[in-house]
> 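Below is one structure. I have some questions about it.
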Amino acid sequence: MAKKVVLAYSGGLDTSVAVHWMGKEWGVDVIAVAVDVGQGGDFDLLRSRALAAGAAEVVVVDCREQYADDFVAPALKANALYEGRYPLVSSLSRPIIVEHLVEAARRFGADGVAHGCTGKGNDQVRFEVSTRALAPDLEVLAPVRTWGFTREDSMAYAEEHGIPVNVTRASPYSIDENLWGKAIECGVLEDPWESPPEDVFTLTRPTATEPVELVVAFEAGVPVAVDGKGMGLAELVVHVGDIVGSYGWGRVDMVESRRVGIKSREVYECPGALALLMAHLDLEGLTLERDVFHEKARLEPRWAELVYDGMWHSPLKAALDAFINETQKYVTGEVRLRCEPGRCTVAGRRSDVGLYDYGLATYDAADSFHHSDAAGFVRLWSLGVQTWASRQK
Ligand code: ARG
């Protein structure tokens, strides 16, 4: 077994217990690695917790911009929604966490990578596939999947060994968050018929009452400015999410098909992600040639499924990215979003390289379309069906 491992450390109960438990049961040195992908929280407190739990080293990496530019941007270009609804919040963050785990493993000469996932979820799949893709020589350790503790057992273990955890604020929910949104599971949500209690929501609390409009500018498929103010993608996603979320919009409540065969009830809050995905798709409607637009739409669910299934680092995903990037060259322009209590919609769009031609589209006097061309085109378009109808139908 590995002697020195890097652990993906969240600061929560399970990964804190894991630091101690792996040392005690497996005799390994643990380097706790916390990756900031916009989940919020106090990283100084996290550092002291990891050390108190027995970590040999703690590494905190601020990856918000890298996460936005290298993970969120491709997802947006791919209009990525798993099962048509889930913007891949947790699925997107695991591969970047693994990149930094592997980097830390190399730096500290570790021979293993550990994660705090259970055996029932998708995150274990993502951690392990990405680790094997990036560092096939490293051993993968999964203490939480091994020990078989209930939540109470973990709390008792923490208490017995003096591991500081914030059990006072113990939420009945399992939460995973980053700048692309928030996933909420467990507790009362495990009954798919029950409505989520309003108090599970933090990013989409309806407080704003006056309608507002936002103009989002895109360049080559990526949003670069809001209302004329240029910003980096990480900042922009949070900015749009704050505004849109204040109208109580951006929630998803669904039963989802996990990679491991389980149907689970998932609640998400992704105001920024859902607003930007809507705006991006709308701008593609204006700027992409029809065949490209339609073919891309056929490939998008596959992209989302691959990423959901942990295949961020895989040859098919790389090939699809090449196609998608090619399509984004002219996805440049502006989309006007309108926010009102309970909703966010696209109210307008424009682009200097858009394919909308007023002369071709209009029914007014400015019409430049050759109407007579249509007759021959439609005659040939229907010829096969007409022949079939007259002989066989
Ligand atoms: N169901 C979502 C997914 O598989 C969210 C997972 C959330 N992870 C967590 N550890 N709470 O991507």
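Just follow the structure's listing: the first ligand is 1, and inside any ligand the first atom is 1. Excluded from the calculations below are hydrogen atoms, water molecules and symmetry mates; all remaining heavy atoms, backbone and side chain alike, are included.
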> Where do Met1 and Leu141 land on the side chain to side chain contact (heavy atoms under 4.5 Å, CB included) test, with the steps shown first?
CA-CA 9 Å; Met1 182 178 272; Leu141 293 86; 4.0 Å; yes

> Starting from atom 2 (C) of ligand 1, what is the nearest protein heavy atom, named by residue and atom, and what distance separates them?
Tyr268 OH, 3.1 Å

> Specify side chain, backbone, both or neither for Arg258, according to which of its non-hydrogen atoms lie closer than 4.0 Å to ligand 1.
neither

> Within ligand 1, which atoms have a heavy atom of Tyr86 less than 4.0 Å away?
2 (C), 3 (C), 5 (C), 12 (O)

> Classify the contact between Glu177 and ligand 1 as side chain, backbone, both or neither, using a heavy-atom distance cut-off of under 4.0 Å.
neither

> Considering only heavy atoms of Arg126, which atoms of ligand 1 have at least one such atom less than 4.0 Å away?
3 (C), 4 (O), 12 (O)

> Relative to the heavy atoms of Ser91, which atoms of ligand 1 are at a distance of less than 4.0 Å?
12 (O)

> Less than 6.0 angstrom separating the ring centers of Trp312 and Phe71, yes or no?
yes

> Which residue holds the protein heavy atom closest to atom 1 (N) of ligand 1, what is that atom called, and what is the gap in Å?
Glu256 OE2, 2.8 Å

> Please report whether ligand 1 has a polar contact with Asp176, defined as an N or O pair separated by less than 3.5 Å (distance criterion only).
no

> Would you tell me whether Gln328 and His280 have side-chain atoms, one donor and one acceptor, within less than 3.5 Å of each other?
yes

> Based purely on interatomic distance, does Ser174 place a nitrogen or oxygen under 3.5 Å from a nitrogen or oxygen of ligand 1?
yes

> Can you report which non-hydrogen protein atom sits closest to atom 7 (C) of ligand 1, along with the distance?
Ser90 OG, 3.4 Å

> State, to 0.1 Å, how close Glu213 and Ala347 come at their nearest heavy-atom pair, and which atoms those are.
OE2-CB, 4.4 Å

> Which Ile, Leu, Val, Met, Phe, Trp or Tyr residues join Val353 in one cluster when any pair of side-chain heavy atoms under 4.5 Å counts as a link?
Tyr330

> Supply the atom-to-atom distance Leu286 CG to Arg350 CZ, rounded to the nearest 0.5 angstrom.
11.5 Å

> For atom 8 (N) of ligand 1, which candidate among Val307, Asp123, Val267 provides the closest heavy atom?
Asp123

> Show which side-chain atoms of residues 214-231 pair as donor or acceptor with protein atoms under 3.5 Å away, not counting sequence neighbours.
residue: Asp227; atom: OD1; partner: Val215; partner atom: N; Å: 2.8

> Among all protein heavy atoms in this structure, tell me which lies nearest to atom 4 (O) of ligand 1, with the distance rounded to 0.1 Å.
Asn122 ND2, 2.7 Å

> Distance under 6.0 Å and angle within 45° of the ring axis: does Arg258 meet both against Tyr308?
no

